[in-house]
Participant: 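My structure is below; once you've seen it, I'll send some questions.
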Amino acid sequence: MDILASFEWSFIWENREELWEGFKNTMKASAIGIGGAFVIGLVLGAIRAHRIPVASQLAATYVEIIRNTPILVQIFFIFYFLPRVGVSLEPFTVAWVAVMIWGGAFNTENFRAGFEAVPQRLREAGLALGFSPFKTFLNVTLPVGGRIALPSSINTYISVLKNTSLMLVVGYAELTAVAYSIQANTFRTFEMFAVLAVAYLAIVWMLSALIRLLEARLRLPEAL
Amino acid sequence: MQERGEGIAAALADEPGAKTNGTPVVRAEQIHKSFGDNVVLDGIDLEVSTGETLVVIGPSGSGKSTLLRCINLLEPIQSGRIFFEGEEITKKGVRVDQVRQRIGIVFQQFNLFPHLRVMDNLTLGARRVKKMPRREAEERARDLLVRVGLPEKERSYPHQLSGGQQQRVAIARALVMQPHVMLFDEVTSALDPELVGEVLVVMRDLARSGMTMIVVTHEMQFAREVGDRLTFMDEGKIVEQGIPADVLDRPKQERTRKFLRRSLQMAHSLEELTITQEGEAE
Ligand SMILES: Nc1ncnc2c1ncn2[C@@H]1O[C@H](COP(=O)(O)OP(=O)(O)OP(=O)(O)O)[C@@H](O)[C@H]1O
Ligand SMILES: [Mg+2]
């Protein structure tokens with residue numbers, strides 16, 4: 001009760017500008033990361049589902065590496081190792097690149113599963129109309145399989161957003177990093193973590209609501 | 001009903017059928033097709049001329065579906081040649097997608113695109129393959145929906161339709177592309193018995209309107225009344241061919257007789273059938 005009694009709203013208010021900057025940085029890295037994860041997942045998922053030689057094996061290797069190592073290790077790798085081989089990246093770049101690569105791997109699996117769930121007979125219906133194999137992908141496999149992949153890819157996007165909080169370790173001033181440094185200087189730990197919890201809940205809820213709306217619009221009207 | 005048949009003919013009026021004068025629309029020469037060791041088509045010769053309806057019957061596994069899929073180039077063949085309007089389509093370098101634009105096919109499972117309304121199912125190919133303006137494609141699609149008896153369904157999704165309605169939409173979807181030949185693969189086999197008629201009527205009218213058709217079916221009544229020619233296939237070979245009534249009523253080959261006897265529609269009553277030692281109905 002002591003903690004609650006000593007909770008100071010004014011303290012959060014005083015730091016609002018810094019927190020707002022952090023929030024914006026979180027959204028920036030998330031937006032790029034999610035966009036990139038979408039494109040990577042789409043392209044590599046299609047390559048995997050169609051078993052395109054070499055490219056498919058490379059994509060599988062990428063997915064395995066990312067899925068089977070902790071994301072923190074991946075972040076450190078990008079942040080500490082890449083500069084040694086001459087690729088030096090700003091914290092912001094490390095932030096969106098890291099979550100994009102992570103989300104892209106999971107999304108590759110989401111889309112692969114979605115595309116593979118499209119019955120061969122539907123693809124043949126596309127071919128029979130005179131679509132080339134690539135146009136059959138664009139007009140049949142993508143719209144149908146993409147819808148099947150939607151729920152699982154949504155979960156990946158939400159994880160991408162939450163994972164941006166790890167960019168604290170590379171000094172990217174996203175929401176978590178900002179809150180962390182404020183409480184480190186002021187010892188207002190409870191206020192700051194309360195802000196974080198509420199902010200992430202709100203963001204994820206908003207994102208979910210947005211995506212559910214999209215999902216409802218795109219939902220396949222029947223089981224295949 | 002005859003009226004409706006003329007309707008389909010009118011919808012397809014700008015068919016460039018004239019250029020195929022004399023040449024068969026589809027001609028197959030000694031097609032051999034196997035899946036691994038399983039020989040499925042064993043030297044098939046076949047010819048369909050303009051406006052003709054060829055009906056193909058035969059036991060399950062005899063290769064009927066495979067034959068249609070080969071003609072539509074959905075399956076590669078091991079040897080033999082297939083000609084479409086005089087041009088060999090099985091030789092190297094042929095633009096497969098361009099050939100398929102002129103061959104309509106309707107499957108046993110209707111295979112409508114589940115995410116698209118009926119109207120978009122119909123116009124997708126016309127708009128995206130033929131680059132027809134949307135307005136024109138939709139006009140054509142509406143015409144065809146009237147012809148297949150579904151003018152009020154253009155806004156429906158496939159799952160909101162009965163099997164018979166879905167199959168009629170599938171037929172219309174193939175027709176929008178203005179094919180020069182239509183292939184039907186047991187299109188009524190997945191339907192409840194009371195829905196079979198509405199699909200067969202559409203096909204009958206299409207045949208009467210002058211469409212060239214190859215129809216794989218188990219509907220003997222349809223074969224008899226609509227078919228110009230009937231082919232009986234067994235084990236990848238054409239066993240017997242002729243005027244439908246002749247083949248059905250006076251089959252020359254023992255294998256044909258046996259198949260027709262087993263086919264319930266041809267037996268006068270269930271009483272006449274027994275199970276043989278091989279476990280087949282006789
Ligand atoms: N993709 C495939 N891979 C391997 N074997 C196949 C394939 N498609 C068909 N077959 C085989 O080819 C043979 C002929 O099949 P097909 O589907 O052409 O017969 P059908 O005459 O259409 O039979 P039904 O009346 O049951 O539809 C069967 O033995 C089948 O198992
Ligand atoms: Mg079949």
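All figures in this text were calculated on a predicted structure; none of them were measured in a lab. First the proteins, then the strands, lettered A, B, ... as listed; each starts at 1.
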Participant: I need the minimum non-hydrogen distance between B:L112 and A:L122, along with the two atoms involved.
Facilitator: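 In terms of heavy atoms, the two residues are closest at O-CD2, 3.3 Å.
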Participant: When you look at OH of A:Y180, are more than 12 heavy atoms from neighbouring residues, nucleotides or ligands closer to it than 6.0 Å?
Facilitator: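 12 or below, so no.
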Participant: Do you know which two heavy atoms are closest between A:R121 and B:N111, and how far apart they sit?
Facilitator: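 Reported closest heavy-atom pair: NH1-OD1, 2.6 Å.
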Participant: So, for A:A125 and B:R173, which heavy atoms are closest and what is the spacing to 0.1 Å?
Facilitator: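 That would be CB-NH2, 3.7 Å.
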Participant: Do B:R128 and A:K135 have side-chain heavy atoms sitting under 4.5 Å apart?
Facilitator: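 Heavy-atom side-chain distance check fails, nothing below 4.5 Å.
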Participant: Could you tell me which non-hydrogen atom of A:A128 sits nearest to which non-hydrogen atom of B:I105, and how far apart they are?
Facilitator: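 Taking A:A128 first and B:I105 second, the nearest heavy atoms are CB-CG2, 3.4 Å.
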Participant: List the steps, then state whether side-chain contact (heavy atoms from CB on, under 4.5 Å) holds for B:D97 with A:F131.
Facilitator: CA-CA 6 Å; B:D97 46 331; A:F131 283 115; over 6 Å; no
Participant: Return the minimal non-hydrogen interatomic distance between A:G130 and B:Q101, and the atom names on each side.
Facilitator: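 Shortest heavy-atom separation between A:G130 and B:Q101 comes out as CA-CG, 3.8 Å.
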Participant: Between atom CD of B:E75 and atom CD of A:E124, what is the distance when rounded to the nearest 0.5 Å?
Facilitator: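 That separation rounds to 7.0 Å.
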Participant: Give the minimum heavy-atom separation between B:M177 and A:L129, together with the two atoms involved.
Facilitator: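 It is CE-O, 3.1 Å.
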Participant: Find the distance between CZ (B:F113) and CG (A:L220) and round it off to the nearest 0.5 Å.
Facilitator: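 B:F113 atom CZ to A:L220 atom CG measures 13.0 Å (nearest 0.5 Å).
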Participant: Is it true that atom CD of A:E17 has more than 12 heavy atoms of other residues, nucleotides or ligands lying nearer than 6.0 Å?
Facilitator: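 No, CD of A:E17 has 12 or fewer neighbouring heavy atoms, counting only those of other groups under 6.0 Å.
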Participant: Using non-hydrogen atoms and a 4.5 Å limit, figure out which bit of B:L116 sits close to chain A: side chain, backbone, both or neither.
Facilitator: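 Neither part.
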Participant: Would you mind checking which part of B:L124 comes under 4.5 Å of any heavy atom in chain A, side chain (CB onward), backbone (N, CA, C, O), both or neither?
Facilitator: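 Backbone plus side chain of B:L124, per the 4.5 Å heavy-atom cut-off to chain A.
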Participant: Is the number of heavy atoms from other residues, nucleotides or ligands under 6.0 Å of A:F193 CZ greater than 12?
Facilitator: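 Yes - once you tally the heavy atoms of other residues, nucleotides and ligands closer than 6.0 Å, there are more than 12.
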